[in-house]
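See below for the structure under consideration.
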Amino acid sequence: MIDVEKESTRVPRALLVGEPGNDLQELKGLVQTLGFDIIQRLTLSRMEVQPAYGMGKGKAQEICDLAHEIEADCIIFDFNLEPRKQRNWEELTNLSCFDRQEVIIRIFADRAQTKEAVLQVELARLSYSLPRLAHMRNNFSRQRGGAFGAKGSGETQLELDQRQIREKITMLKRELAEIELNRQTQRKQRDKNPSCALVGYTNAGKSSLLNALTGADAFVENKLFATLDPLTRRLPLNESAGALITDTVGFISNLPHHLIDAFKSTLEEAVTADLLLLVLDATDPDAEFQYNTVCSVLEDIGATENPRLILLNKVDKAEDTEQLSILRHKFPDALCISAREEIGFVELKDKIYELLYGEICDYILPASQAVLITELRKAGCISKEEWLDDGVHITARASGRLKALISPYAVN
């Protein structure tokens with residue numbers, strides 16, 4: 001007799017397949033985050049442009065035989081698997097077969113906590129699954145309409161499912177648009193305050209850095225995509241100045257466009273920030289590749305003009321001094337920090353203050369601009385303020401948005 005409870009809690013066993021030259025380390029981390037047991041990794045010696053499997057039939061059969069030999073429950077490919085090829089693989093192997101895009105979407109689904117994140121993941125999942133419905137169901141029967149011969153045969157079950165998914169996608173986009181209006185309202189309320197956004201590859205230590213700098217309680221775990229929801233906290237820079245700092249979702253190579261589109265409102269925190277703090281893991285040998293990936297995603301979302309400060313995190317664990325030297329040579333203006341040991345925090349805050357508030361300037365504001373003076377006191381850094389007959393003489397530093405408002409009153 002089969003132990004049903006034991007069978008239901010069995011960890012799925014996966015065979016990973018990658019392109020030539022791919023050591024599958026990143027896919028391994030993703031699959032482990034998903035909770036699967038990796039039985040074996042297979043790197044192909046060459047890729048063939050074949051319409052059925054993306055490789056020759058002989059090689060496909062060889063992978064199929066290997067999967068059954070090691071008793072794998074699924075085959076996961078580290079390259080995009082088109083719907084038709086996915087169907088062909090599942091028919092050949094009689095196993096679940098999918099690509100890294102689906103792995104990432106499943107991880108996001110497990111991590112989503114807030115209503116917005118749940119809706120975003122659901123939108124990405126439906127957008128990804130829509131062209132794959134044909135391989136997910138074998139019921140292609142049609143609905144009969146009216147008396148025989150009087151009307152057409154009606155929609156197939158596949159067409160019904162596709163229509164329902166399109167309607168659900170439209171509804172999700174409408175709900176997310178409403179949430180985005182609320183987010184825009186929140187941004188306007190803090191618009192005059194200087195802001196930073198933590199961006200970087202997943203698991204680079206962004207949430208740990210936010211917690212260490214601000215005393216926040218962002219969720220931290222040594223897994224990919226531990227954080228999905230942006231979290232904003234105030235960062236004191238000195239006795240008179242501060243900034244808002246936001247933790248954003250981590251990036252990764254080949255991030256599915258469905259997820260980029262779905263998480264557009266969340267990623268816009270990076271677009272609207274006055275300063276991007278680009279966090280790199282100094283212990284990762286692929287740090288330079290990850291930097292290029294982050295820059296590519298920032299370009300995709302339109303965050304190319306924002307000033308950037310590169311942070312080499314985890315220097316307390318960077319035992320390979322040669323690698324750290326290479327990174328420092330590649331990024332000479334980068335700051336070496338450690339979120340765990342709080343190394344380099346004084347220099348980091350000083351640099352953020354310098355980049356956000358700029359040079360100190362003199363202004364003469366009319367006494368009638370009381371609202372603007374109040375904003376300058378809240379979001380600027382005033383070193384001198386005198387009320388004289390010709391107006392309010394102020395010496396201060398101000399961030400980009402606020403500086404644009406008071407620049408007409410600058411003293412040449």
How about CZ on Arg13, more than 12 heavy atoms from neighbouring residues, nucleotides or ligands closer than 6.0 Å, or not? yes
When you check the gap from the basic side-chain N to the acidic O, do Glu167 and Arg163 get nearer than 4.0 Å? yes
In this structure, are over 12 heavy atoms from other groups packed under 6.0 Å from Asn292 atom CG? yes
In the structure I gave you, are the side-chain heavy atoms of Phe36 and Asp73 within less than 4.5 Å of one another anywhere? no
Please give me the minimum heavy-atom distance between Gly302 and Val271, naming the atom from each residue. O-CG1, 3.9 Å
When you measure from the side chain of Arg340 to the backbone N and O of Lys314, does any donor-acceptor pair fall under 3.5 Å? no
Do Arg100 and Ile252 have side chains that get closer than 4.5 Å, going by heavy atoms? yes
Cation-aromatic face contact Arg106/Phe98, 6.0 Å, 45 degrees: yes
For Pro194 and Leu356, which heavy atoms make the closest approach, and how far apart are they? CB-CD1, 3.9 Å
How close do Leu15 and Ala67 get, counting heavy atoms only, and between which atoms? CD2-CB, 4.0 Å
Nearest atoms (heavy-atom pairs only) where Ala273 meets Cys196: CB-C, 4.1 Å
For the pair Asn88 (side chain) and Ala52 (backbone), establish whether a donor and an acceptor sit closer than 3.5 Å, ignoring hydrogens and angles. yes
Assess the side chains of Asp284 and Gln290: does a donor N or O sit below 3.5 Å from an acceptor N or O? yes
Do the side chains of Phe251 and Thr202 get nearer than 4.5 Å, heavy atoms only? no
Just by modelled atom types, is the Asn22 backbone N or O under 3.5 Å from a matching donor or acceptor in the Thr43 side chain? yes
Heavy-atom nearest pair, Leu309 first then Asp333, reads CD1-O, 4.2 Å
Side chains of Leu277 and Ile245: closer than 4.5 Å at any heavy-atom pair? yes
Do the side chain of Gln50 and the main chain of Gly56 share a donor and acceptor less than 3.5 angstrom apart? no
Leu30 vs Ile76, test: side chain to side chain contact (heavy atoms under 4.5 Å, CB included). Steps then yes/no. CA-CA 11 Å; Leu30 288 168; Ile76 304 176; over 6 Å; no
So does Glu62 pair up with Lys59, basic N to acidic O under 4.0 Å? yes
Full working for side chain to side chain contact (heavy atoms under 4.5 Å, CB included) between Tyr291 and Leu278: CA-CA 8 Å; Tyr291 168 80; Leu278 203 162; 3.8 Å; yes
Do Glu175 and Ile179 make a side-chain contact, defined as non-hydrogen atoms from C-beta onward lying under 4.5 Å apart? no
Within a strict 4.5 Å, meaning less than it, do heavy atoms of the Tyr409 and Leu372 side chains meet? yes
Quick check on Arg308: does its CZ atom have over 12 non-hydrogen neighbours (other residues, nucleotides or ligands) under 6.0 Å away? yes
Given side chains that start at C-beta, do those of His68 and Cys64 come closer than 4.5 Å, heavy atoms only? yes
Donor-acceptor under 3.5 Å (Ser127 side chain, Leu123 main chain): yes
Which distance, rounded to the nearest 0.5 Å, do you find between the OG of Ser195 and the CG of Asp274? 4.0 Å
Separation between CG of Leu231 and OG1 of Thr214, rounded to the nearest 0.5 Å: 7.5 Å
Yes or no on side chain to side chain contact (heavy atoms under 4.5 Å, CB included) for Leu209 and Leu311, after CA distance, side-chain angles and deciding distance? CA-CA 10 Å; Leu209 182 57; Leu311 307 178; 3.8 Å; yes
For Glu299, is the CD atom crowded, meaning more than 12 foreign heavy atoms sit under 6.0 Å from it? no
Are side-chain N/O atoms of Gln61 and Asp65 paired as donor and acceptor at under 3.5 Å? yes
Between Asp99 (side chain only) and Leu81 (backbone N and O only), is there a donor and an acceptor less than 3.5 Å apart? yes
Evaluate side chain to side chain contact (heavy atoms under 4.5 Å, CB included) for Asp286 paired with Glu26, printing each intermediate quantity in order. CA-CA 10 Å; Asp286 295 324; Glu26 189 167 270; over 6 Å; no
Using 0.5 Å steps for rounding, measure from the NZ atom of Lys85 to the CG atom of Leu92. 14.5 Å
Main chain of Thr246, side chain of Thr232: is a donor-acceptor contact present, judged purely on distance under 3.5 Å? no
For a side chain to side chain contact (heavy atoms under 4.5 Å, CB included) with Val315, tell me which candidate from Thr283, Leu335, Leu324 qualifies. Leu324
Test your reading of the model: is there a side-chain donor-acceptor pair from Tyr357 to the backbone of Ile352, 3.5 Å cut-off? no
What is the distance from atom CG of Leu24 to atom CD of Glu19, rounded to the nearest 0.5 Å? 9.5 Å
Answer with yes or no whether the side chains of Tyr363 and Gln369 bring together a donor and an acceptor at under 3.5 Å. no
Determine the minimum heavy-atom distance between Glu116 and Leu176, stating which atoms define it. O-CD2, 3.9 Å
When you compare the side chain of Leu44 with that of Ile63, does any pair of heavy atoms fall below 4.5 Å? yes
Has Gln86 got a side-chain atom pairing as donor or acceptor with Cys97's backbone, closer than 3.5 angstrom? yes
To the nearest 0.5 angstrom, please state how far the CD atom of Gln40 sits from the CD1 atom of Ile70. 5.0 Å
Drop me the distance from Tyr53's OH to Glu91's CD, to the nearest 0.5 angstrom. 8.0 Å
Ser129 (side chain) donor-acceptor with Leu126 (main chain) under 3.5 angstrom: yes
Working for salt bridge (charged side-chain N to carboxylate O under 4.0 Å, His left out), residues Glu90 and Arg87: CA-CA 5 Å; Glu90 292 186 343; Arg87 182 178 66 249; over 6 Å; no
